[in-house]
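Worksheet for the structure shown next.
For the numbers below, each heavy atom of this structure counts, side chains included, while hydrogens, waters and symmetry mates do not. Each residue takes its place number in the sequence, starting with 1.
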Amino acid sequence: MASVPERLIDAATRLFAAKGFDRVAVQDIVDLAGVTKGAMYHYFGSKDDLLHEIYGSLLRMQTERLDHFASGSAPVAERLHAAAVDVVVTSVDNFDQAKVYFRSADHLAEDKRREMRAERRRYHERFRSLVEEGQASGVFRTDVPADLTVHYFFGTVHHLGQWYSADGPLSAKQVGRHFADLLLASLRPVPEDSP
């Protein structure tokens, strides 16, 4: 059986995703989780803390996985491809957490918002380091800044929640592979005689 914090996070995620952060009362969360308010406040000081943990747990998991791919021994193009597939798959597998955060981040206290932005920035910087590694070794083109490439890629990833459906024709892994293929294709060096 899930622990009390896990039950609270699951209940808050489901409710925030369905109704929106500002339309959910603490009582709704504890009722769905099957715990008391006292139990909730033992682990979380507020709804803010739950919102912070919902996205924080997803981001920590994705960062750990990215570190695994990035520090591997495969060629940089393979490591970047694997990392790109993974962030799509883990985002789809945890859609509610990602959607809740992107819809409700402005409800967080400023210090928690800054902390989340810093954690996301660290993730993006680690991802960008793979692009820069490939550029430095001549595997990837250098005429497009690595920052721009990463912002472009994550803009598409963060937009998944607007159109992707698990009932659609493509699995999360298939979408991840297509996105990763497009990313790698955009990084291929341009032949010198191209216009």
Side-chain angles (χ1 to χ4, degrees), residues 17 52 54-106 108 112-195:
H52 182 264
I54 286 167
Y55 187 64
S57 61
L58 170 60
L59 190 54
R60 283 190 301 275
M61 179 266 292
Q62 288 179 319
T63 300
E64 186 178 303
R65 293 173 66 85
L66 174 59
D67 285 339
H68 169 75
F69 293 118
S71 61
S73 59
V76 66
E78 289 179 28
R79 288 182 281 136
L80 180 61
H81 192 277
V85 171
D86 186 72
V87 74
V88 170
V89 171
T90 55
S91 293
V92 168
D93 287 349
N94 298 279
F95 250 160
D96 281 350
Q97 289 95 317
K99 282 194 283 190
V100 162
Y101 177 75
F102 286 112
R103 280 192 213 148
S104 307
D106 57 331
L108 284 172
K112 289 192 187 321
R113 250 197 321 259
R114 273 197 309 271
E115 185 182 323
M116 283 281 87
R117 280 195 302 262
E119 286 182 43
R120 273 183 55 212
R121 189 168 44 254
R122 281 192 293 277
Y123 180 91
H124 286 192
E125 286 168 357
R126 184 66 164 129
F127 196 93
R128 185 187 68 214
S129 74
L130 285 170
V131 175
E132 291 169 335
E133 180 186 337
Q135 289 175 325
S137 62
V139 175
F140 300 151
R141 64 192 291 179
T142 58
D143 59 320
V144 178
D147 265 346
L148 189 60
T149 302
V150 171
H151 288 306
Y152 182 78
F153 176 73
F154 280 100
T156 61
V157 172
H158 294 161
H159 195 67
L160 279 167
Q162 303 300 314
W163 64 269
Y164 180 79
S165 169
D167 299 328
L170 296 172
S171 70
K173 193 152 201 166
Q174 288 171 315
V175 172
R177 284 191 185 126
H178 287 309
F179 274 29
D181 289 347
L182 289 167
L183 173 64
L184 270 290
S186 74
L187 287 167
R188 269 190 218 112
V190 180
E192 290 189 26
D193 57 350
S194 292

Discussion item. Applying side-chain contact (heavy atoms from CB on, under 4.5 Å) to His52 and Leu108, what does each step give before you reach the verdict?
Written reply: CA-CA 7 Å; His52 182 264; Leu108 284 172; 4.1 Å; yes

Worksheet item: Quick one: OG1 on Thr156 to NE2 on His178, what's the gap to the nearest 0.5 Å?
Response: 13.5 Å

Item to complete: Rounded to the nearest 0.5 Å, what's the gap from CG on Leu59 to CG on Asn94? Could you check?
Response: 11.5 Å

Worksheet item: Going by heavy atoms in the side chains, are Leu130 and Leu66 under 4.5 Å from each other?
Response: yes

Worksheet item: For the atom pair CD (Gln62) and OH (Tyr123), what is the distance rounded to the nearest 0.5 Å?
Response: 5.5 Å

Discussion item. I'd like to know whether Val175 forms a side-chain contact (heavy atoms from CB on, under 4.5 Å) with Val92, so could you lay out the CA-CA distance, the side-chain angles of the two residues, the decisive distance to 0.1 Å, and finally the verdict.
Written reply: CA-CA 10 Å; Val175 172; Val92 168; 6.0 Å; no

Practice prompt. Any chance you could measure Arg60, atom CZ, to Glu64, atom CD, to the nearest 0.5 Å?
Written response: 10.0 Å

Worksheet item: Is any side-chain heavy atom of Leu183 less than 4.5 Å from a side-chain heavy atom of His81?
Response: no

Practice prompt. Check the angle between the aromatic planes of Phe179 and Trp163 and answer parallel, tilted or perpendicular using the 30° and 60° thresholds.
Written response: tilted

Worksheet entry | For the student: nearest non-hydrogen atoms of Val76 and Ser137, plus distance | CG1-OG, 4.5 Å

Worksheet, complete the sentence: From the list Arg120, Glu119, Gln97, side-chain contact (heavy atoms from CB on, under 4.5 Å) with Tyr55 holds only for Arg120

Fill in: Backbone of Pro145 reached by a side-chain donor or acceptor of Gln135 within 3.5 Å
no

Worksheet, complete the sentence: What one should report as the nearest heavy-atom pair of Ala77 and Val139 is CB-CG1, 4.4 Å

Worksheet item: Ignoring hydrogens and geometry, is there a side-chain-to-backbone donor-acceptor pair from Tyr164 to Leu170 under 3.5 Å?
Response: yes

Worksheet, complete the sentence: Sorted by chain and number, sequence neighbours left out, side chain to side chain donor-acceptor pair (under 3.5 Å) with Arg128 holds for Glu132, Asp147

Fill in: Derivation of the side-chain contact (heavy atoms from CB on, under 4.5 Å) call for Lys173 and Val88
CA-CA 8 Å; Lys173 193 152 201 166; Val88 170; over 6 Å; no

Item to complete: Drop me the distance from Lys99's NZ to Ser91's OG, to the nearest 0.5 angstrom.
Response: 12.0 Å

Item to complete: Take Phe140 and Leu80 through the side-chain contact (heavy atoms from CB on, under 4.5 Å) test and state the conclusion after the steps.
Response: CA-CA 11 Å; Phe140 300 151; Leu80 180 61; 3.7 Å; yes

Worksheet, complete the sentence: Interatomic distance, CG@Leu182 vs CG@Leu187, rounded to 0.5 Å, equals 11.0 Å

Worksheet entry | Heavy-atom donor-acceptor pair, Arg79 side chain to Phe69 backbone, under 3.5 Å | no

Discussion item. Using side-chain heavy atoms (C-beta onward) and a distance below 4.5 Å, is Thr63 in contact with Arg126?
Written reply: no

Discussion item. Parallel, tilted or perpendicular: which one describes the rings of Phe127 and Phe153, with boundaries at 30° and 60°?
Written reply: parallel

Response to the item:
Shortest non-hydrogen pair, Ala84 vs Ala180, comes out as CB-CB, 3.7 Å

Discussion item. Could you check whether atom NE2 of His68 has more than 12 heavy atoms from other residues, nucleotides or ligands sitting under 6.0 Å from it?
Written reply: no

Discussion item. With a 3.5 Å distance limit and no angle check, can you tell me whether Gln174 reaches the backbone of Ser171 through a side-chain donor-acceptor pair?
Written reply: yes

